[in-house]
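Note sheet for the following structure.
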Amino acid sequence: MKRKDLLGLRDISADEIMTILDMGKEMRARLDANEAGTELKGKTVATLFYENSTRTRVSFEKAARCLGAQTTGITAQASSVQKGESLIDTGKTLQSLLTDAIVIRHPSSGAPHFLAKNIDIPVINGGDGTNEHPTQALLDMLTVYRAFGDFRGLKVVIAGDIKHSRVARSNIWGLKKLGAEITLVAPETLLPAASSRLGCEVSYNLEEAVCGANVIIALRLQLERQTAGLFPSAAEYHRYYGITDRILHKADAGVLLMHPGPINRGLEVSGAAADGECSVILDQVTNGVAVRMAVLKLLCAAAY
Ligand code: CP
């Protein structure tokens, strides 16, 4: 893969996505067999997180170590960002500390793109504002790929807070490029203004939308990004848009229930559904390590 950075799935090709997924499959087999790798021996991967994270940060660190790299973890709360250091100065400082790649999460959409333009080492977007979260979508796609072997004609329902979801945006770009049919389901207040231009079906009725679905991706309600009461009450939201066993029974018999985490149990998904036989939520987490190993290997080993 001949690119310096991974900033989003909007600007990468279907072939590049398949290269990552095929390598992700190999990495998952390696994780299952507990085999260590040495491809990135002598390299250092920094995680630069301006927002909280459990899955993305820990899995990037685990992925780097599984390839033989060292890791440096920087959070905005415990770094010189608190003393007023700019994003570019922080990036250039990490580069001068002989870092080989930076994984960045930032509340501002476009921050990873800005950093990537101003430093020479690979930048990987670990989630920027409401824009994209490419490695989350790639791990979601790896989970689908391992289950179905192909994306063409698959019916994927993305349900919940699509308006504020960088996970939804990256999944829409990626899944559409590989031939999946996507339906977005949410109350109108949680859909983006230009949802009709995303190239997906749009529905306000979850029960109808899930009929025959192969994959349901439930999204976290991003209460921290919502500026006003966008739905009347938590109980009402769960009643109309929560994924429950009753909803799953209306989908295809082999439906996968996915969620990027962290889950608000009893809100976007019931506890029984999250822990039930359709749920692959914890498998997604392990696939996150595998797909991030693939991304790190492809970017750090490439002669960009
Ligand atoms: N899915 C996801 O990005 O989770 P974290 O916020 O825990 O990284």
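Numbering starts at 1 and runs along the sequence shown. Whatever order the structure lists ligands and atoms in, that order sets their numbers, starting from 1.
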Between the side chains of [Y] and [X], is the shortest nitrogen-to-carboxylate-oxygen separation below 4.0 Å, so that they form an ion pair?
X	Y	answer
E181	K155	no
E268	R220	no
D283	R28	yes

Under the 3.5 angstrom rule, does the side chain of K163 hit a backbone N or O of T130 as a donor-acceptor pair?
-> no
Would you say the side-chain atoms of S170 pair up with the backbone N or O of A137, donor to acceptor, closer than 3.5 Å?
-> no
For the hydrophobic clusters of this structure (ILVMFWY residues joined by side-chain heavy atoms under 4.5 Å, transitively), does one cluster hold both V156 and L178?
-> yes
What residues sit with at least one heavy atom under 4.0 Å from ligand 1?
-> S53, T54, R55, T56, R105, H133, Q136, P260, G261
